*Asks:* 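Quick one: the structure is below, questions incoming.
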There are 2 protein chains.
Amino acid sequence: MTLSDRKKKILYSLVDDYIVTAEPVSSKKIQEEHLPDYSSATIRNELSALESMGYLVQPHTSSGRIPSQKAFRFYVDQLMVTPLSRDEISAIESHFTDKISSMQDVMSRVAEVLAEVTHYTSVAVGDSIGKETINKIRLVQLTQGNALVLIVSDRNVFKDHIIDVPVNLSEKDLENVNNWLNKLFTPKKFDELKDIDLVDVLNDELKSLHEIFEDVLKILREVSMKKQEIITQGASQILDYPEYNDIDNAKQFLQTIEQKQKLAKLFSTEDNGLELNIKIGREEEQDLPDGCSVVTAKVGLNQNSIGNIGVIGPVRMDYKKVVSVLDHIGKLIEKLLNEEE
Amino acid sequence: MTLSDRKKKILYSLVDDYIVTAEPVSSKKIQEEHLPDYSSATIRNELSALESMGYLVQPHTSSGRIPSQKAFRFYVDQLMVTPLSRDEISAIESHFTDKISSMQDVMSRVAEVLAEVTHYTSVAVGDSIGKETINKIRLVQLTQGNALVLIVSDRNVFKDHIIDVPVNLSEKDLENVNNWLNKLFTPKKFDELKDIDLVDVLNDELKSLHEIFEDVLKILREVSMKKQEIITQGASQILDYPEYNDIDNAKQFLQTIEQKQKLAKLFSTEDNGLELNIKIGREEEQDLPDGCSVVTAKVGLNQNSIGNIGVIGPVRMDYKKVVSVLDHIGKLIEKLLNEEE
DNA sequence: TGCTAGCACTCAAATAAACCGAGTGCCAAA
DNA sequence: TTTGGCACTCGGTTTATTTGAGTGCTAGCA
């Protein structure tokens, strides 16, 4: 069943108002501030109808109405990206004047600027490593007896692991090992390493060095298990919103923010092709605290995603602004990554 | 002026009590729960004396007393490490059963366990890089035209930077460059790099490759500026304490926790030879939010510090427990690092 | 038929008043 | 010097009262 035009206008205005004030909205207020062409009595009738349709809730008989989750869903489904203010744009861009030094760097800057501009808590989740492709592996001898394992994937360089090697390993041996490492492990995705069994693939010539290969494989597997980078920013800002004046609510929210694993799940939206994803309240998500909404977006160049970003805040969040800011940042990152190439 | 024995006992009991209840302590309560040998009237007289000496404060005429900062200082100066409970010990040790994979790993696990066992917000700050010694520098050719800059210090390996090199660079040239890099920059502390001027040191032979040296120096300087790793855990736990039922207090606290730079200053105690450092309220520190205390400790093996850890919480924190837990963790880490060798 | 002005009714929130009791200070006696 | 006793204080809680924003409904008008 579809809403009459007037009902839509009224509902939209009411949500718009509620997003700003967090107070039940009265018929009179809607009339005065949004729709002066109808009397408050008329609006009252419509409100009453909208309530019985499940869009509105009345905290008690003689109060205004507040939007239900259904109303917010209606609201965001109508949303369009709106232009940002000059100040907001310059605030965003000021964070990206320096050269990008790494993907982590991008993500942490995005988190900062998102929190700053939207005034909500921002989250940035890097993509997990399992799906990256290993492009190059190389042992670099550091001193007699140990070497650094250098792994280059399509998105990262890993250089955190040092292994023991035979003291008498010659340059030539090393070269040989390096060749074999690349033959064995590239180009492969990290996730594919699960199934490799070294016994099958090492020929006799390499048997004497099998420890090296085992060590490297172990490291590759460790790297692939490495937890995703998860950055949050501006958690304390949540306390500026009246719905979190209640200590218990605030605590629940902050605990969610601290549980990085759950957060990651919340923000790593399954790949539904959409660039933007809005979750309102407990609609479907278990891990979302009651009364919270989440807006997420992918960042990256074309197919080549580097992670997800977004904000988490009260259901009554300023979706318009958040969506617009995410849109702007997304495009900006895309441009920056393009220039990097 | 020194306190009489009885005054000490009373003051100590009062602080002990206040740490648990966060409520003004009455003479009667001290008598009943700590010192049944004196009447409440006697204790009242002593309390009155202690108040005029600045150790106690009375929120209003007909209430019990709360300890002043001076009283807490008295209290912690008497503090001894007390044995932990079996549960606490096993909680701590359960976090350190896996092999240590990196210093960051140690720090983040310490932060976790500290927050868990003390129920306060924990902070772990890695030592800043400037004072590390560069032991080895090496360019590793990745593909034609670019190379990874590998820097090994006495505590870390840095491998996050890739530079352009001439496409026609031969193995031999690279070798030569590597030798020179080590001649120029090792063994030096990062901080010493400020003063180096390349023009002075490059001979004619290397002039053609001067870009490489400049790039490497730039990277070295970048690395030395790299911000310290700062990890916090359990921030939401602060809301469990009644002094943070006030939203404004809570917000102030959380904002402090989010300002990693200030936090780092707070926890990187200047090297005064002490292993443990307790800062109570605003005693001297500007950056400490009002009503907060900080207990910090160094972690590391002998002289070889890897960072500082500690907790931040209400002035009325359970110093006894915090100190004991820090002591235990410190010793545990020392043992683990020793085994690593 | 649809809109609106008017009015009685509701109820949360703000304000005021009354009460309670934990705790102190002080005095006089042991 | 210590202690029992007692009057006094004052924050916190409970109860009563007031206020006003907001609704639902009805009757009249276009």
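The sequence lines fix the lettering, A, B, ..., with proteins before strands; numbering per chain opens at 1. Predicted model only: the values in this text are computed from it and were never measured. Below, all heavy atoms of this structure are taken into account, side chains as well, without hydrogens, waters or symmetry copies.
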*Asks:* Go nucleotide by nucleotide along DNA chain D from the 5' end; which of B:Ser62 and B:Arg6 gets its closest nucleotide reached first?
*Replies:*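 The residue mapped nearer the 5' terminus is B:Arg6.
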*Asks:* With a 4.0 Å cutoff (strictly under), does any side-chain N or O of A:Thr61 reach OP1 or OP2 of D:dT23?
*Replies:*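 No, A:Thr61 has no side-chain N/O under 4.0 Å of OP1/OP2 on D:dT23.
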*Asks:* Could you check how far CG of A:Leu14 sits from C1' of D:dG22, rounded to whole Å?
*Replies:*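 Spelled out: CG on A:Leu14 to C1' on D:dG22 is 13 Å.
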*Asks:* Going by the side-chain contact (heavy atoms from CB on, under 4.5 Å) test, name the single residue among A:Leu14, A:Ile43, A:Asp17, A:Val25 that passes it with A:His34.
*Replies:*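 Going through the options one by one, the only one that passes is A:Asp17.
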*Asks:* Roughly how many Å is it from CD in B:Glu46 to P in C:dT24, rounded to a whole number?
*Replies:* 14 Å
*Asks:* Does C:dT4 have OP1 or OP2 under 4.0 Å away from a side-chain N or O of A:Ser39?
*Replies:*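 So the side chain of A:Ser39 is within the cut-off, an N or O lying under 4.0 Å from OP1 or OP2 of C:dT4.
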*Asks:* Just the rounded figure in Å: distance from P of C:dG23 to CG of B:Leu47.
*Replies:* 12 Å
*Asks:* For B:His60 and B:Ser40, take the nucleotide of DNA chain D holding the closest heavy atom to each; which residue's nucleotide lies nearer the 5' end?
*Replies:* B:Ser40
*Asks:* Which of these nucleotides, C:dC11, C:dT4, C:dG25, is closest to any side-chain atom of A:Ala41?
*Replies:*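 Among C:dC11, C:dT4, C:dG25, the one nearest the side chain of A:Ala41 is C:dT4.
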*Asks:* In whole angstrom, give the distance that lies between atom CG of A:Asn45 and atom P of D:dG24.
*Replies:* 9 Å
*Asks:* Expressed as a whole number of angstroms, how long is the span from A:Arg65:CZ to C:dT10:P?
*Replies:*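 To the nearest whole Å, that distance equals 17 Å.
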*Asks:* Rounded to whole angstroms, how far apart are CD on B:Gln58 and C1' on D:dT9?
*Replies:* 11 Å
*Asks:* Let me know the distance between CD1 of B:Ile43 and C1' of D:dT1, rounded to the nearest Å.
*Replies:*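 Atom-to-atom, B:Ile43 to D:dT1, this comes out as 15 Å.
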*Asks:* With a 3.5 Å cut-off and no angle check, do the side chains of A:Asp240 and A:His119 form a donor-acceptor pair?
*Replies:*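 There is no such pair (donor and acceptor under 3.5 Å, judged by atom type) between the side chains of A:Asp240 and A:His119.
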*Asks:* What is the separation between atom NZ on A:Lys28 and atom P on C:dG6, rounded to the nearest whole Å?
*Replies:*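 Atom-to-atom, A:Lys28 to C:dG6, this comes out as 14 Å.
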*Asks:* Measure across A:Gln69 and A:Ile280 and return the closest heavy-atom pair with its distance rounded to 0.1 Å.
*Replies:* OE1-O, 3.6 Å
*Asks:* Considering residues, nucleotides and ligands other than B:Lys28, do more than 12 of their heavy atoms fall under 6.0 Å from its NZ?
*Replies:*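 For B:Lys28, atom NZ is not crowded (no more than 12 foreign heavy atoms under 6.0 Å).
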*Asks:* Under 4.0 Å between a side-chain N/O of A:Ser27 and OP1 or OP2 of D:dT23, yes or no?
*Replies:*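 Checking A:Ser27 against D:dT23: at least one side-chain N or O falls below 4.0 Å of OP1 or OP2.
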*Asks:* Which of parallel (below 30°), tilted (30 to 60°) and perpendicular (above 60°) describes B:Tyr241 and B:Tyr120?
*Replies:* parallel
*Asks:* Which one, D:dT3, D:dT23, C:dT4, comes nearest to the side chain of A:Thr42?
*Replies:* C:dT4
